Structures are given as C-alpha cells and as structure tokens.
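See structure below.
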4 protein chains.
Amino acid sequence: MTTQDDNMLGRARVTDTPELSAYYAELADREAGALWTVANEIEPWYPQPKSVPTLWRYAELRPLVRKALDLVKADDAGRRVVMLVNPGRRDVSAAAGLLYTGLQIMGPGESMTAHRHQAAALRFVLEGTGAWTIVDGEKLRVGARDFAITPNGTWHEHGNESDDTPVIWQDGLDIPLVNALDAGFYEVHPDVYQVPGKVVNSSVLTYGGNLVPYGVERWTRPYSPLLAWPWEPTYQALLDLAKASEGSPYDGLIMEYTNPATGGSVMPTMGAHIQLLRAGQATKAHRHTGSVVYTAAKGHGVSIVAGQRFEWHEGDVFAVPAWAWHEHANLDQGEDAVLFSFDDFPVMRSLGFFREEAYVDNDGHQPTPAG
Amino acid sequence: MTTQDDNMLGRARVTDTPELSAYYAELADREAGALWTVANEIEPWYPQPKSVPTLWRYAELRPLVRKALDLVKADDAGRRVVMLVNPGRRDVSAAAGLLYTGLQIMGPGESMTAHRHQAAALRFVLEGTGAWTIVDGEKLRVGARDFAITPNGTWHEHGNESDDTPVIWQDGLDIPLVNALDAGFYEVHPDVYQVPGKVVNSSVLTYGGNLVPYGVERWTRPYSPLLAWPWEPTYQALLDLAKASEGSPYDGLIMEYTNPATGGSVMPTMGAHIQLLRAGQATKAHRHTGSVVYTAAKGHGVSIVAGQRFEWHEGDVFAVPAWAWHEHANLDQGEDAVLFSFDDFPVMRSLGFFREEAYVDNDGHQPTPAG
Amino acid sequence: MTTQDDNMLGRARVTDTPELSAYYAELADREAGALWTVANEIEPWYPQPKSVPTLWRYAELRPLVRKALDLVKADDAGRRVVMLVNPGRRDVSAAAGLLYTGLQIMGPGESMTAHRHQAAALRFVLEGTGAWTIVDGEKLRVGARDFAITPNGTWHEHGNESDDTPVIWQDGLDIPLVNALDAGFYEVHPDVYQVPGKVVNSSVLTYGGNLVPYGVERWTRPYSPLLAWPWEPTYQALLDLAKASEGSPYDGLIMEYTNPATGGSVMPTMGAHIQLLRAGQATKAHRHTGSVVYTAAKGHGVSIVAGQRFEWHEGDVFAVPAWAWHEHANLDQGEDAVLFSFDDFPVMRSLGFFREEAYVDNDGHQPTPAG
Amino acid sequence: MTTQDDNMLGRARVTDTPELSAYYAELADREAGALWTVANEIEPWYPQPKSVPTLWRYAELRPLVRKALDLVKADDAGRRVVMLVNPGRRDVSAAAGLLYTGLQIMGPGESMTAHRHQAAALRFVLEGTGAWTIVDGEKLRVGARDFAITPNGTWHEHGNESDDTPVIWQDGLDIPLVNALDAGFYEVHPDVYQVPGKVVNSSVLTYGGNLVPYGVERWTRPYSPLLAWPWEPTYQALLDLAKASEGSPYDGLIMEYTNPATGGSVMPTMGAHIQLLRAGQATKAHRHTGSVVYTAAKGHGVSIVAGQRFEWHEGDVFAVPAWAWHEHANLDQGEDAVLFSFDDFPVMRSLGFFREEAYVDNDGHQPTPAG
C-alpha cells in the first residue's frame, strides 16, 4: 500500500490565490473548471460511498407496511410499497449504492396493473401464501422465502389470490442505476392487465431442474429464462453444499441464483445470493466493491458492517455499502441461519470494477464495536 | 434444391484417356494427384457416412458381456468391455460416426486401475447397484440409469462395491474422433490407484441444484464441474417439462445434460440428451448432421432410421448415422418411454457443421418399411 | 407508443392528506418512504438526463488552457487540465452523462508524475508534436489527431518532449461513472516515474496491422492490447470505407476504434468512434441511450442536438446527452469533415440498456432551430 | 512422464486362447468386439498420425500444373487442381492430418463456375497477376502472396483476367475433416455464375484497417467478414513486429491472419499464419497437436521435421504431421524468409485438444539428420 496523503507529489495541492480565483471565475463563465480544484475529491484513494451502513427492522416496519393497505388504494399508488431509504442516498431513493429496495404489500384478492420498465426487479417473499406475479405472460405463484425476477423490459403485474391474508414481499430494483445512466423507460400495458398462459410456474417446470430443454429456440436474451426459485430446493441446495464444502470464510455456505442458460447471474445488472451460516458460525471480515442489500431469511444473527453491529431476525434488511468491511455471525447455537442478498456484482464484473480484500488483523474480525 | 447430377457443369466429368493416365502416373510419382479424379467423391452432394443404422439387442449381448467376467481378468483386460462396432466403421471401432460405445462389466468387489487420456468418456448405468467411479479424486456412486462423465484429461478408475452382483454400464467415448484428429494421449496413474476425497458425490452436492456455489475459484475448464446426474431428478425434470411443454415434434420431451457453469454441453466433444415419449406418442422424422448413439432407458418402442425399423426394449442400443432420417415411437399405450443418447453435436456446433431438416412428405413419417 | 400521462391507471396519483403526511413522517423516522410519492419521478416515461446539450469552442478555451501553463506548476496541479463541465452536471464534474472531459496542456520539456486509478482514460491530441505517454511501461509518442488509451488500472504518466511548443490534448475519463458506482481507487507510483521499455509505440508495431501476433501469451485483460491509433491509418480507413459503403444515415462513415484481440470496444467502460462526413453531407436525426462527447477533428460543420444548433470548427467539443435527437452536417462543400467521439456505449450494451430510435418526421430532420 | 510400455498393469495384455477366439467370433456375429483386443492401438500413448513429413517442390510440380491447362478443360474438371497427397493419407486425399491442399491453375481469361460447399477453403497466390475470386457476391482481386478465404457455405467462383499469363494459387481446404465428420454438402450455383457487387475488394476496404465499421448490422457469422489479406500490409506487419518483439523461439516472428470481428481465427475449422525468419535465423524445435501445411512464401531455408531435412525455396510446400518435432532455419544470411502456413488449430482449441511441447535436449535442436 502506498502512502495516502493528499499533500504529496502526484496529488493536486494548489493553493488559492486572487489570481487563480479570477481564473476560476473566467473558466466558470465558459462552463469549464480547473481539474486540480476537484481532482483529489473525484479521484479518491479508495471508494467514498454516500451510502451508510443501515439496518431496517421488520418488526418496526411491518405495522407501517400494513397501514398502507388502509391508507392508499392499490390503483392510486400503482404499487403499495414502503421504500427503505439509505440516509446517505435520499436524493436517489436507494438503499445501498445504486440499488433500491422496498416492502410491498398486497391485500387479499388484490391485483395490480401491468407495466414494464428499463429497470430490472426481483422479489423475495417475506410472508403470505397467495402471492402471484405474471412476467411476460407466465404466471408464477410464490410463497415465503421464494425468489423471483422481473427482468428489464418484461411486462409484469402482481397480485394476491389469498382469501384472507395480505402478502408482503421485498422488491429489489436497479432504478437508481438506470437513472444514473439516463436509461429509464416506462410503459403501461396497453390492455392494463396481461392474460397469462395456462401453465403456472412454467419456467420452473422447464428450467428448474439440472438439465435444459433441447429442441426449442435457443435462449438469447440477456437474463435468465428461469424466473423463480422456490425456497425448498434452494434450501436443500444449501444443505447439500454444506455436506461437500467448508464454504467461504467470509460468507459461510453461499450460492448464487443462476441463469441456467449461461451459468451466470440472473440479470445483467443485479445478482442474488443465498447463504447459510451453520449454528454458531461466525465468519471473517472482508470488503469488496459492489453494494449489497441483505435480508434475514431464517434464524437470528448479527452482522458487523464498517464497525457497526446489526443484530437481525427474520425479515430484517440491512445495507452494506461498497468497500465497507463486513462479517456475519449466526447467534443461534442449534439452528442454521440464512441470509438472502442482492447486489450489483454483475455490473462490477462487466465494467472491470470488482475488487475484494480480506481483513487480516485481529484474526480476521473487526474490533468489537463499543456497546 | 438444385439438381444433384454429377454429369453437369460445376461437377468433375473428365473422361480417361491414355494421355491422362500417363499424366496421373507422373503426378503419383510426386505424391500428387488430379483433383478432378476424386472431386465428386470427396465433395458429395450430401453426407455419405460409412456408418449404417444398427441395433444392438441387450438380451443378446448381456450373456456375452457376463461371459467376459470369466474369460478375462480385469487387470489383464484393463477394462472388460464389449464394444458395439458399426459394420461400416470396423476400421476405427466406432458405433456411429466417430463415436465409440461399449458395455462394461465389473464383478462384485472388483476395481480397475487408474488412467487418463485425451479421449472423453461418459457412462450410462444399465444394471447393478454397487458401481462407483473416481474422477480426479472425486468418488461417485452411480446406480441404474444414472449418467456420469469422465472429461478429457481427468484421472479415472472404476469399481463395483456390491457383494454379489455385477454392474453393467455403457461407456461412450470419442476415441475415433481423437484418433481422426491425431490427438490421442494416454497415461497410467503413477500410483496405479487414486485416493478419493472423503465426500462421495461431492460435485452432485455442490452443483446438483439450481444454484451455483459462490466464493470458490471460478470454474474455467472446458467441461462441466458437475460430474454425475442421478436418474431420479433427471426423470423428474422430464415429467416437469411434460407439464409445461408440448416438446419437440421430432424428439418428444427432450432435455440436454448441461454444464451448470455455462449452460452448454457437458463436454466440448460429446453431448448427452434424455428424452421422454409420452404413452403412445409417435414423433415425426427429421435428419441432421452429427451422429447419435441411443440407449433405451425405460419402456418399449420403435425407431425408424433411414427406413429401417428398430424395435427396442430397455438396454438396447442403436446408432443413427449423420443425415439419416429418424423418428421414434413409444409402443406402450399406458407408460412413458425414455431414450438416453449421446452425440457429437458440440463438435458440429463448434465447427459450424450443424444442419437440420424436417421430413415433409407423408405427414412427416418415412414410408413404412416392408415387413 | 402508449399514452404518457401521469394521471392514468398504472401511474402513481395519490393526493396528499393530513393522515398521509403523518404517515410519511413516521416512515421518514425509520429511514423509509412511500414509493408512490416518488414513483413517477424515478420511473420516468423516458430518460431525463441532467446533462444538457453544450458546445465548448476551442477558440475561446485555448487561451485559458495556455494560461494554466503560467498559473500553476505541473507538480502542484498533478495535471494541468481545464475541465469542460456540463451545466447540468457540475456536481459530478461531467461533460455528458457520467463522462468527464478536459483539455490538458503540457509545456515544452515537461513531464508529469506516474499514477494509476480505477477510472479509464483516453486522449485525443489537439495540437503540438512532442506529446508522449507511458502506459504500463510502454512509451507512446502521439501527434495531432492521434487517439490513445490508458485503460483502467494501468500505470501512466505524460509529457512533452518538444523544445518549444506546448501540447494540448483532450482527456476523456469515466470518473463520474466510477464514482457513481463507488469504485474509485487511486495510487501514486511508488517510484514517482516509470522506466519505459526501449521500443516506442511497441503495441502499435505489434497490433497495429491486420494480423495479431501468435505464440505470445494469450491476451486476457478486459481492454485492448493496442494502446494508440495514429491519425494517418485511421483517416485512410475512413477513406477506404467511403469507397465501399454508403455509411450510416445518422453518422456518415463511422468506425469504432477496436480491441484487436476481441473485435470489441477498446475498454469496457468507454468506446470511441471516428466518423467522416462527405463534403456537404447532412445526416438524419436519431437518438439513443448512452451519452457522447464529440470533438471536431477536421473541417467545419454543424450539429443539431435536441433542437439546438452547434456550429463547430476543429477543436470544438460538444456534448450529446442520452436520448437527445441529434444530426450532423458538413458545412464545407469541397472538403470532408471528421468528428471524433467517445461514449459509454460499452456500458449500455453490457447492462442491456442500449436503445435507438430514428427521427421519422420531416424527412428525418429536426425542425430548424430559430435563429 | 510415466512409463510407456504396453506390458504393464493399466494396459491391455490378454493372451489369445482358443476359448477367447471362439468368444471373439461370437461377438463379431453380433457386430461387437472385445475392447482389450484393440485398446492399446486405439488409445495410444501419444498421437500416431498416418500422415508423414512430406515436401513438394514447386520446381517439380509447376510443369505438371501447367500441363493441366492443355490436358483438361476447366469446365470439365470443375477446377484444374493438382492435389498434394500425403503418402500416408491417400485414402482421404489429405496433405497433412485432415487438411487438403492443391495447386490450382487458371489460364488467361478463364473463369470457373460457382458453387458452395460445407468445406471451407483458403487461397495463397503463388504466381500470376490477374486472379480474382467472387465470394458471396464480393469480387476480390488477388496477386502474388495474397491470402484469401472462402468460408464454409459461401458461394464462390474464380478466374483470371490476365491477357497472357496463367495464375497458380494454392488451395487449402478442410475436405477430409468435413468427410471424417460426415458433414459434406455441395451445391452448384443456380445461375452457374454470380453477379458481383460493384466495389472490388469491398471487405478489404471495409475491414482492412485497424477499426471496424460501426452502425452496420452486427457481424454474427462464424467466420471473418474480411476476406482477403494483401501481401504488402501483411509483410509490413511482420517488419513492424520485428521491431517490437524477439518473436517465438520456435517460429520466429509469427502472426495469425485474424477475424477483425472477434480477434480469433479466420474460420472455425482452419487457421492461417505468416512467419518471418530473420536473415540466418534458426529456431528451436517444438511439437504440438494439430497438423500444418507450410508454403515457402519468400526466401530460402530449411525445416527439420521429425528428423527429416526439407530444404525449401519459394513455392515449395511441406507437411508437418501432428506431434512431429519441427524447427525452421533461414539459409540466407542477408535476406529474411517468410513461411505461410495453414492448420487445424481452431479445431484443436474448440475441442480442447491443443498440446504443445518444447524440445529440450541438444540446445533445442533435433539431431542433425544424416546426409
């Protein structure tokens, strides 16, 4: 590691003078500026995210989410969603980095209108049994802890066919990324609602096993043809992996939801992972570029993020900004714990921005936060 | 379709003369020749495979395979295998095109020595319960109708840990292809036997679900990290697909065994497929480049190959040469039937040789063979 | 095109009430918010870039750039660069979208210190003959209209070996993109200066022709091994293309600077193009996602960007924001004109964000701007 | 290197007995055989090509090639070609491995008929100035030492527009590979002759520089859009490379003719290289899988192939079988020498068959052949 001091040869260190101030004004008049006045700020030694580590407790938010059912009509709100907004990213409605997340509620028997947008979306179901979504004409039924995607540009709409219970699921979208890149488009479905095909969960039946169908048109879109990953086989995959592997020192037994047509991420802008912490397991700290939004899917644990201690229970959501040290522990000595997460790693990799670093001091653990 | 007549402008049609004969002799003296003497033969209008459609009946071969147990010692034979040799390809020991296949038997408690070779291998288990193979240190246990691979260059050895029953499995290899391309290498393992890792079926536990492990070194080899596909989830995948899809008009419900790291074929030189014919289903005929070796995995049916009728029962093997018309039918009106197959389609695709054509006359069916 | 009216079913249209205001406050207390309060803004019907069409005239900026030579020492400034700052993007020092550009001047005999950063850089030389850059140990000499790259993570430093004349070149960087994605790193070279290899323009000698060297280690980095594209063969390529092609209706004869190892863009985050407008040629208007910074490399013309008329001469720079209609015309009836440009198209393509649309009315031309 | 002795554990070493002979006969009756009777032969320790090192002298063949002009009419022969036939591969008309080569002659004013085939073809011009070829409607004019391709499936025809001089060029095709894989198709053009587009050498004008045209439809075919590589820039590329690089110890300064759209080989089944040996340079020996056909393009040298000494002059052709040691030397102390070659390396790489080994003894040189 080289020295990181702005007062050194190789960094900008020009002192203001009246002459320079006049010059800067002259430049400003021509929509120009002097690089050296901002160079150290826009070329930092290491990432300086505006996002801060943040925890949202489901126990606190759930009543507020349910309240939305009474306060606004679905058709007026478009979707009834409580966004989780990072204190450092209120300007772009992001939870971490350029990732948006929110908790969406649908009352029994409700259905939303159909639309599509440049932003990609994903869902992780927190509670309720009647949830469905239609993605480009395929109807998917999803239950608790199921994961589903709505890739960029696909027509979609949601609903709840339960008779008596609301559904709450977590939405993850790349809206802030899309807007940062000036690429947002939105369309309301010309018929307001889609007519789904007859077979429910068709892509799960088709691509949900370990083989891919042959003799159909080759899949060429940039996202997964498999649109939903039910919880049961996902959890089984973690249990199987636990028999064969020690797992990652930083993440325990971690797997990526995968596009079966490529072996890569489910969508080009967002990846999603599921990780199991064995009873009592505490991982070591590392940091990487890329932002992550975690959801406690099962169990009870704690994550230390940039020195802050976030104790979590099922349904809690927390944000890990880019380049923040983080480590996880399962606080239950008898049961495993599972974290779901989504991230912008596919973007980091496509653009050549991925970097990772292990925390080496103190046996790999950040100093215990006070309190 | 243009005319296909060798006596036309655009084809070679030089008549022999004494002068030309003398010229040809002069050329031959210099390791040369006149293209026009062979042009029509080496540039045929369409493929002219030496392989012929062939059926091998398991009921006939099984006693001969079992006889090998008594006739030769495993250590002397290397492997006790009855090769299935296409009448047109005896020179290269191929079953179809440049694909080799054989029936291997291992007695109770036997194990073979370890080696590796440039040729890639695959296995489809026909009978017996104690079969195992070790591939680059991973021990795999395989039972009836399981599929497993031994990619090009991996150390491997096999055995049977049953107390009382022999195992018979089908080997598929690309030996004739490797030899045609002058690329064969072979090595005996320096320790004669491998010491396997502790976890059996480790790759199935790791890659056998619908997610891929994350945080391990990225898989960069040209073949699947998943080495075995047990029958049960494979058959379930076919049943699931049957709920969501009509399937292919030529192949019924057909899926490809897939490299989970790429979504592509399991190995760069051989692909493998499994296909289900619904009770009573009869497919239409098509033809394509690429050679295929089929094995009846379940049920009872018939395939018409280049006009020849091959009725098959479980364990029967048949060869479909390149560009031969073929269609399949399940002769059972109450049960589904399943065909396993392996092929050289990955080669066809890599080299840009894949072509396919539907049989259009007679509602898609070849004329019924006499008798 | 569906209706684009925010007061319709499918958009958020909730009216404020005292009850809702209380609810919003409650959400804000928990770092949360109601999606429907921002939904229409963050999910716009089409891109709403903050960048605005902008022209920077070289004749105006050049004197200010030269003034920097006297005002600040190279070693204090790091690099003496006048940034061109889009009026809508002053917060992130961008010229268009997330692209930065600036005019850098180096006095005779000067050399800058070596550093590397996550941001990628490119150069287009505007004037002067002694410019050089060292990229990962390779010294490149560049003259007027030459194009060169400094890919993400490569050590680099610049200088001017002329005895008497300053060099001015245009820098293009993806700094705003890197910062938007929280991925910025910066390092000063441990030895302050690199020691270049003996062969100047080594990558041009090696990869500058139409063949690639064989028998060297395979190139696996995500950017071009060719680091500079001298003007002369580049211009010749345009002239050759003009003999064989009509060119694009929107861009005239346009070519992409290309990574010879992949046929793709020179770097994963920025592409660069060069386009020739025949004498008197006027192209039709189109728009696309992705932001572009153009530089007039040769000749005299006009571009209409979102209805604004920018007349340009050599050295002028102008910004075309994402989704802005734009068309170009060569105002000289006897000479060709050439535009250099760089863009974020590689990002648009990697992330699946690329869209393009032709202007269909008025024979493809935007209404003539008043005045 | 492990022992390579067929009389060891791990190889087949079954002794014939009357009982076994009877068994083998029984197997043969059922189109079957015992693997152990052929295992050591079909799974050799290392490649056992049927091809043998062979040199064809242009001085000897040229008169015979010219004689063909008088002996057969172009329209009767299809093409007037003297094939170079490897003594070990007469059965498949190959020069080395599965590669075919021949010397084609066209008289002044002649033109051949148009056809297309699954086999891919390439040309290297040996003499004459009026040669042309039309490939999928593009007319190419080619002169001495120019290289051109006719990819798999493209319509093509050739001719000679000189008034007085015949053209001789070398054809290279993958006919034996296509036939080995049962993938040969052939069609005569429905109009017998193509009508070319107006621009000659259009692909050279379009793709012959260091940039690729933008704004045209993306190139998705599996072969190079650039169809010809004139000698002059090719030779210049070698001279440039010589300034920047030591070159390969085995091949001198060697470059691959490259698909500008991918950076890869020009066609999926055949690659082509050009290599310069500096005055007096002698390379070291190596061997690799893959077969190569070399042509002396310039100068005078010697190659030692599997211990055989082949002294070559311009126009001579020689075959290097797979896994044969080979090294080259320029026998001229004052002038450089250039070898053109084509090979099946793309096949080796696609199928995972490529291996390479340096000759380590005797300072890297094979023992001097006697005589």
Side-chain angles (χ1 to χ4, degrees), chain A residues 2 9-14 20 23 26-27 30-33 35-36 38-39 42-47 49 54 60-61 64 71-72 75-78 81-85 87 93 97 102 113 115 117 152 175 179-188 190 222 268-269 289 322 350-353, chain C residues 2 9-14 20 23 26-27 30-33 35-36 38-39 42-47 49 54 60-61 64 71-72 75-78 81-85 87 93 97 102 113 115 117 152 175 179-188 190 222 268-269 289 322 350-353:
Chain A
T2 55
L9 185 62
R11 294 295 273 180
R13 35 181 195 162
V14 173
L20 279 172
Y23 179 64
E26 230 179 333
L27 290 175
R30 282 160 186 81
E31 309 301 356
L35 171 60
W36 58 87
V38 297
I42 66 177
E43 297 185 321
W45 296 104
Y46 54 88
T54 307
E60 284 182 21
L61 285 168
L64 289 167
L71 285 174
V72 290
D75 278 355
D76 287 352
V81 182
V82 168
M83 306 180 292
L84 310 187
V85 186
S93 301
T113 54
H115 56 230
H117 39 61
N152 135 7
I175 289 175
N179 288 332
L181 288 163
D182 296 331
F185 293 88
Y186 188 95
E187 278 175 271
V188 172
T269 53
T289 51
S350 292
L351 306 187
F353 288 170
Chain C
T2 54
L9 185 61
R11 294 295 273 182
R13 33 176 199 167
V14 174
L20 279 172
Y23 179 63
E26 231 179 333
L27 289 176
R30 282 161 186 81
E31 309 302 356
L35 172 59
W36 59 85
V38 298
I42 67 177
E43 297 186 320
W45 296 104
Y46 54 88
T54 308
E60 285 182 20
L61 285 168
L64 289 167
L71 285 174
V72 290
D75 278 355
D76 288 351
V81 182
V82 168
M83 305 180 294
L84 310 187
V85 186
S93 300
T113 54
H115 57 230
H117 39 60
N152 138 4
I175 289 175
N179 288 331
L181 288 164
D182 296 330
F185 293 88
Y186 188 94
E187 279 175 88
V188 172
T269 53
T289 52
S350 291
L351 306 187
F353 288 169

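Note that this is a predicted model, so its numbers are computed, not measured. We name chains A, B, ... by the order of the sequence lines, and we start the count at 1 in each one. All values below come from the heavy atoms of this structure, side chains included, with hydrogens, waters and symmetry mates left out.
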Could you check C:Val38 against A:Met83 for side-chain contact (heavy atoms from CB on, under 4.5 Å), going step by step and ending with a plain yes or no? CA-CA 10 Å; C:Val38 298; A:Met83 306 180 292; 3.7 Å; yes
Pair C:Asp182, A:Phe353 - check side-chain contact (heavy atoms from CB on, under 4.5 Å), show working. CA-CA 9 Å; C:Asp182 296 330; A:Phe353 288 170; over 6 Å; no
Under the side-chain contact (heavy atoms from CB on, under 4.5 Å) rule, what do A:Glu31 and C:Val85 come out as? Steps first, then yes or no, please. CA-CA 5 Å; A:Glu31 309 301 356; C:Val85 186; 5.5 Å; no
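In this structure, the portions of C:Val14 lying under 4.5 Å from any heavy atom of chain A include both its backbone and its side chain. Of the atoms belonging to A:Ser350, heavy atoms from both backbone and side chain fall under 4.5 Å from chain C. With a 4.5 angstrom heavy-atom cutoff, A:Pro49 touches chain C via backbone and side-chain atoms both. Only the side chain of C:Leu20 comes within contact range of chain A, with heavy atoms under 4.5 Å apart. For C:Ile175, the part lying under 4.5 angstrom from a heavy atom of chain A is the side chain only. Of the atoms belonging to A:Tyr23, it is side-chain heavy atoms, and not backbone ones, that fall under 4.5 Å from chain C. Proximity to chain C (any heavy atom under 4.5 Å) is shown, for A:Val82, by both the backbone and the side chain. Both the backbone and the side chain of A:Ala77 come within contact range of chain C, judged by heavy atoms closer than 4.5 Å. Both the backbone and the side chain of A:Asp75 come within contact range of chain C, with heavy atoms under 4.5 Å apart.
Ranked by heavy-atom pairs shorter than 4.5 Å toward chain A, the options C:Ala322, C:Gly352, C:Pro44 are led by C:Pro44. Counting heavy-atom pairs closer than 4.5 Å to chain A, the top residue among C:Leu35, C:Leu181, C:Asn152, C:Leu61 is C:Leu35. Of the listed residues (C:Thr289, C:Leu84, C:Thr113, C:Leu351), the greatest number of heavy-atom pairs within a distance under 4.5 Å of chain A belongs to C:Leu351. By number of non-hydrogen pairs under 4.5 angstrom with chain A, the leading residue of C:Gly97, C:Gly78, C:Pro268 is C:Pro268.
The NE2 atom of A:His117 sits 5.0 Å away from atom CD of C:Glu43, with the distance rounded to the nearest 0.5 Å.
Listed by chain and number, the residues in a side-chain hydrogen bond (donor to acceptor under 3.5 Å, both in side chains) with C:Glu26 are A:Lys67 (sequence neighbours excluded).
Contact check for A:Leu27 versus C:Leu64: side-chain heavy atoms found under the 4.5 Å cut-off. The shortest side-chain heavy-atom distance between A:Ile42 and C:Tyr186 does not fall under the 4.5 Å cut-off.
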